[in-house]
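Structure first, then comments.
All figures in this text were calculated on a predicted structure; none of them were measured in a lab.
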Amino acid sequence: MPFEPLDQYLQRKKKLAEVKALGDDPYPHKFEQTSTPAQIVAAHGQSDAATLESQRVNVHTAGRLLTLRLHGRAGFAHIRGDGARLQIYVKFDAVGERAFHLFQLLDLGDIVGISGHLFRTKTNELTVWVDALKLLSKALLPLPEKWHGLADVELRHRQRYLDLIVNSRVRQTFLRRAEILRGLRAFFDARGYVEVETPMMQTIAGGATARPFITRHNTFDLDLYLRIAPELYLKRLLVGGFDRVYEINRNFRNEGVSSEHNPEFTMLEFYQAYSDYRDLMTLTEELFASLAQRICGSAQITFGDVRLDFSCWQRLSMREAITQHWPVQAGPAPDTAHLAALGGPRAVATRYNQWLQNEAVRSSAASRGPLLEVSSMSDGEITGLLFETLAEHKLIQPTLLYDFPTDISPLAKCRPDDRSLVERFEVFVAGMELGNAFSELNDPEEQERRFRQQVARGGEEVPREVDLDYIRALSHGMPPAAGMGIGIDRLTMLFTDSHSIREVILFPLLRPQPDANQ
RNA sequence: AGGGGCGUAGCUCAGUGGCAGAGCAGCGGCCUUUUAAGCCGUUGGUCGUGGGUUCGACCCCCACCGCCCCUACCA
């Protein structure tokens with residue numbers, strides 16, 4: 001079917017017919033490439049004209065035509081393959097009438113195969129002196145503008161293929177994402193972890209609190225949820241005797257989109273038997289430092305206008321974070337003992353709300369933020385909310401935040417000395433939550449009790465029923481273990497200096513356009 | 001979901017209450033070492049969509065659609 005711009009589409013169809021009339025197949029099956037443009041540039045980018053002349057390096061290579069400068073009976077062009085640009089020179093005398101005619105029929109965006117030898121032009125650019133030319137694929141649609149490229153963010157995401165052709169930074173970002181995944185696998189493989197895959201379609205969406213997507217299996221006549229976390233299955237594997245497992249794959253959460261959220265996102269989850277969350281704190285610091293080293297060549301990386309140092313971590317309890325980031329204008333900061341006391345968090349939240357209201361009265365302008373709605377919340381939930389409101393986005397340098405309230409951590413083991421807290425920490429960098437880890441609760445009776453509490457409280461983010469098979473698995477005995485989840489998309493944002501999650505997901509979810517098929 | 005911003009040629013962008021613009025891409029020429037090639041000529045528009053105000057709307061007003069940013073939910 002013809003696409004816009006129609007005039008150019010039809011023009012290119014006409015050229016395609018002329019190519020066929022020359023006896024050429026515009027879509028041949030293969031082309032023997034001896035080296036890619038990237039390999040040629042890498043191997044000969046430094047060779048001078050005399051060296052190239054004496055060596056006479058012959059190449060067969062291919063790529064997409066990006067620029068074209070015709071000078072009558074000769075012409076220059078750039079092709080790009082494997083991420084690198086290579087100039088080619090096509091001369092009537094060198095290729096003959098028929099091939100030169102084919103050359104004149106080419107459009108920007110066509111994919112061509114060429115053979116010839118390397119030389120340097122007057123301006124000293126490495127160039128292929130073409131002696132044979134073949135069209136490998138006709139492009140019926142034009143490329144975006146060669147100088148400014150494709151800037152419209154929406155178009156870049158909807159037509160990522162164009163973005164990748166035209167914007168080399170985008171290619172670099174996704175190559176780096178792949179390198180991060182390789183680095184993660186290398187890290188865990190080297191430590192004796194087994195990579196596994198667990199169900200993404202589940203009958204009970206557990207392992208996190210989030211609204212799930214629902215889908216349907218026809219033959220079983222069964223509603224299924226797309227998983228919100230692999231956690232409960234990975235821990236079944238701990239029961240089964242895989243003492244170290246990891247999984248890297250998609251989770252699906254039916255929530256809004258933002259620069260830090262996409263409904264499907266990639267998580268790494270790993271579990272390590274006979275360990276607790278302290279071991280994972282150490283492991284986390286090693287992991288981030290080794291990734292930074294592997295990806296950026298240093299433990300320090302640049303993100304926006306800040307320098308992040310992964311060789312130097314801050315460890316902070318949730319209560320300390322609230323105390324430290326309490327707004328000075330709102331009066332004296334609450335101390336951690338106050339936050340730990342029964343009813344303390346509620347009193348602190350009330351004081352915060354009163355300050356907000358006074359502030360709103362004083363300056364008729366917009367208030368500093370919405371009031372905290374804490375009436376139906378427990379102390380632990382309020383503590384979590386206070387942290388998110390006051391401190392989360394201020395944790396820029398790598399931080400391990402620990403001492404989470406038990407009420408917001410149904411899968412974590414309590415601290416032996418304080419049952420209102422669990423052995424859990426989260427990783428914050430650049431104001432983003434990147435990871436979540438804890439000592440895994442393996443007492444089946446306590447786990448069942450906590451699940452039942454959750455279900456009783458209800459809400460769309462909580463499963464409607466208890467995952468009894470998981471409780472049964474725990475009842476067979478799960479070794480003491482620690483586990484962690486790391487958001488790969490956000491991790492990639494950090495290491496590619498990207499400030500929207502949509503820049504690190506090849507095809508982020510966008511609302512379909514009504515005329516998308518026209 | 002709420003607030004703010006944006007939407008003009010295939011792409012990148014100007015523009016004004018009074019004939020719709022440029023560069024690139026395209027098309028026709030000239031050109032056998034150019035590189036944002038150049039020179040001459042030229043095609044291309046439902047100005048996001050639908051209403052309204054006006055003698056007249058791309059411009060002002062309203063609604064809707066899409067994207068971006070902030071806030072909320074969330075990782």
Side-chain angles (χ1 to χ4, degrees), chain A residues 3-12 14-15 49 66-78 85 87-95 100 107-109 119-125 127 129 140-159 162 166 208-211 228-229 251-269 366-373 385 388-389 392-393 426-428 432-436 459-461 485-491 493 499-502 508 510-516:
Chain A
F3 290 92
E4 292 293 342
L6 193 60
D7 55 337
Q8 298 197 38
Y9 184 88
L10 294 175
Q11 186 60 42
R12 284 168 181 240
K14 212 171 99 191
K15 289 187 184 175
L66 290 181
T67 66
L68 193 53
R69 296 175 293 281
L70 278 166
H71 301 266
R73 313 204 87 186
F76 287 93
H78 279 103
R85 234 168 66 120
Q87 180 165 261
I88 64 174
Y89 180 57
V90 182
K91 195 158 86 153
F92 183 93
D93 301 342
V95 298
F100 197 77
D107 287 298
L108 297 186
F119 75 109
R120 285 198 178 264
T121 60
K122 270 185 192 168
T123 53
N124 206 37
E125 178 166 352
T127 303
W129 182 283
L140 295 174
L141 290 170
L143 290 175
E145 210 252 342
K146 68 182 174 190
W147 187 242
H148 299 93
L150 189 67
D152 184 292
V153 174
E154 180 179 354
L155 267 182
R156 286 186 41 233
H157 294 160
R158 286 192 194 281
Q159 292 176 251
L162 288 181
V166 166
T209 45
R211 282 155 62 192
I228 56 174
N251 289 340
F252 306 85
R253 299 189 184 176
N254 209 334
E255 308 283 354
V257 303
S258 79
S259 55
E260 289 173 32
H261 299 84
N262 194 63
E264 55 176 312
F265 64 101
T266 302
M267 277 266 279
L268 158 70
E269 282 205 13
S367 71
R368 290 176 169 267
L371 297 180
L372 304 179
E373 182 42 68
L385 183 62
E388 284 166 23
T389 309
E392 173 167 0
H393 292 289
E426 287 191 344
V427 180
F428 288 92
M432 289 190 293
E433 183 190 335
L434 282 169
N436 180 18
E460 270 187 291
E461 304 82 16
I486 293 177
I488 300 305
D489 311 285
R490 290 181 183 175
L491 190 68
M493 288 169 67
H499 296 257
S500 165
I501 202 167
R502 287 180 289 275
L510 297 175
R511 225 177 276 268
Q513 289 188 313
D515 60 347

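The side chain of Glu145(A) sits closest to rG23(B) out of rC68(B), rG23(B), rU34(B). Comparing rC68(B), rU32(B), rU12(B) by their nearest atom to the side chain of Asp152(A) picks out rU12(B). Of the candidate nucleotides rU34(B), rC27(B), rA75(B), rC27(B) has the atom lying nearest to any side-chain atom of Asp107(A). Minimum atom distance to the side chain of Glu154(A) is reached by rC67(B), of the listed rU34(B), rU43(B), rC67(B). The side chain of Leu150(A) approaches rC11(B) more closely than any other nucleotide in the set rU32(B), rC11(B), rU33(B). The side chain of Ser258(A) sits closest to rA72(B) out of rA72(B), rU32(B), rU33(B). Of the candidate nucleotides rG10(B), rU32(B), rC69(B), rU32(B) has the atom nearest to the side chain of Asp93(A). Closest to the side chain of Thr209(A), out of rA75(B), rC11(B), rC68(B), is rA75(B). The listed nucleotides are rG10(B), rU32(B), rC73(B); the one nearest the side chain of Lys91(A) is rU32(B). Side-chain atoms of Leu385(A) lie closest to rC73(B) of the nucleotides rC13(B), rA25(B), rC73(B).
The side chain of Arg511(A) places an N or O atom within less than 4.0 Å of a non-bridging phosphate oxygen (OP1 or OP2) of rC67(B). Phosphate proximity of rC68(B) to Arg502(A): present, with a side-chain N or O under 4.0 Å from OP1 or OP2.
At a cut-off of 3.5 Å, with distance as the only test, a side-chain donor of Glu125(A) or His78(A) sits close to an acceptor on the other residue.
Across all strands shown, Arg120(A) has no heavy atoms under 4.0 Å from either base or sugar-phosphate atoms. Using a 4.0 Å heavy-atom cutoff across all strands shown, Asn262(A) reaches at least one base atom of the nucleic acid. Using a 4.0 Å heavy-atom cutoff across all strands shown, Lys15(A) reaches sugar-phosphate atoms only and no base atom. Phe428(A) comes within 4.0 angstrom of nothing in the nucleic acid, heavy atoms only. Within the 4.0 angstrom heavy-atom criterion, no nucleotide atom of any strand lies near Glu461(A). Counting non-hydrogen atoms under 4.0 angstrom, Glu260(A) reaches a base of the nucleic acid. Within the nucleic acid shown, Thr67(A) has no heavy atom closer than 4.0 Å to any nucleic acid atom. Within the nucleic acid shown, Ala151(A) comes within 4.0 Å of sugar-phosphate atoms alone, with no base atom in reach, counting heavy atoms only. Across all strands shown, Gln8(A) has heavy atoms under 4.0 Å from base atoms, whether or not it also approaches the sugar-phosphate. Residue contacts shown for Arg490(A) include a base, since a base heavy atom lies under 4.0 Å away. Gly485(A) comes within contact range of no nucleotide atom at all, as no heavy-atom separation falls under 4.0 Å.
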Could you go through Asn251(A) and Ile228(A), starting from their C-alpha distance and side-chain angles, then the distance that decides it, and tell me whether this counts as side chain to side chain contact (heavy atoms under 4.5 Å, CB included)? CA-CA 5 Å; Asn251(A) 289 340; Ile228(A) 56 174; 5.8 Å; no
Kindly indicate, with the supporting measurements, whether the criterion side chain to side chain contact (heavy atoms under 4.5 Å, CB included) is fulfilled by Thr127(A) and Arg120(A). CA-CA 6 Å; Thr127(A) 303; Arg120(A) 285 198 178 264; over 6 Å; no
The test is side chain to side chain contact (heavy atoms under 4.5 Å, CB included); show your working for Met267(A) and Ile488(A) and say whether it passes. CA-CA 5 Å; Met267(A) 277 266 279; Ile488(A) 300 305; 5.8 Å; no
Run the numbers on Leu141(A) and Gln8(A) for side chain to side chain contact (heavy atoms under 4.5 Å, CB included), then give the verdict. CA-CA 7 Å; Leu141(A) 290 170; Gln8(A) 298 197 38; over 6 Å; no
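Asp489(A) places a side-chain N or O within 3.5 Å of a backbone atom of Thr266(A) that can act as its donor or acceptor partner. Not one N or O on the side chain of Arg211(A) forms a donor-acceptor pair closer than 3.5 Å with the backbone of Glu255(A). Looking at Asp152(A), its side chain does come within 3.5 Å of a backbone N or O of Leu155(A) through a donor-acceptor pair.
Residue Glu125(A) places no side-chain atom within donor-acceptor reach of the base of rU34(B), judged by atom type and a 3.5 Å distance cut-off alone. The base of rU32(B) lies outside donor-acceptor range of the side chain of Arg73(A), with no N or O pair under 3.5 Å.
Distance noted for atom P between rU54(B) and rG23(B): 39 Å (whole Å). On the P atoms, rG29(B) is 24 Å away from rU34(B), given to the nearest whole Å.
The partner of rC11(B) is rG23(B), judged by Watson-Crick or G-U wobble contacts that both fall below 3.5 Å. When both distances must be under 3.5 Å, the Watson-Crick or G-U wobble mate of rA36(B) does not exist. rG45(B) is unpaired under the Watson-Crick or G-U wobble criterion, no partner having all donor-acceptor distances under 3.5 Å. Across every strand in view, rC59(B) sits unpaired, with no contact that passes the Watson-Crick or G-U test at under 3.5 angstrom.
Protein atom CG of Leu143(A) is 13 Å distant from nucleotide atom P of rC11(B), rounded to whole Å. What separates CG of Leu70(A) from P of rU33(B) is a distance of 13 Å, to the nearest Å. Taking atom CZ on Phe3(A) and atom P on rA9(B), their separation rounds to 20 Å, with Å as the unit. Straight-line distance from the CG atom of Leu140(A) to the C1' atom of rG10(B): 14 Å, rounded to whole Å. The NE2-P distance, from His148(A) to rG23(B), rounds to 13 Å in whole Å. In this structure, OH of Tyr9(A) is placed 25 Å from P of rU43(B), rounded to the nearest angstrom. In this structure, Lys14(A) places its NZ atom 11 Å from C1' of rG26(B), rounding to the nearest Å. Note: CZ (Arg211(A)) to C1' (rC73(B)) measures 8 Å, nearest angstrom.
Where Leu155(A) and Trp129(A) meet RNA chain B, the nucleotide closest to each residue was compared, and Leu155(A) sits on the side nearer the 5' end.
What you find for Met493(A) and Ser259(A) is that their closest heavy atoms are CE-O, 3.8 Å.
Here Trp147(A) does not count as stacked on rG23(B), because the ring centres are not under 5.5 angstrom apart with planes under 30°.
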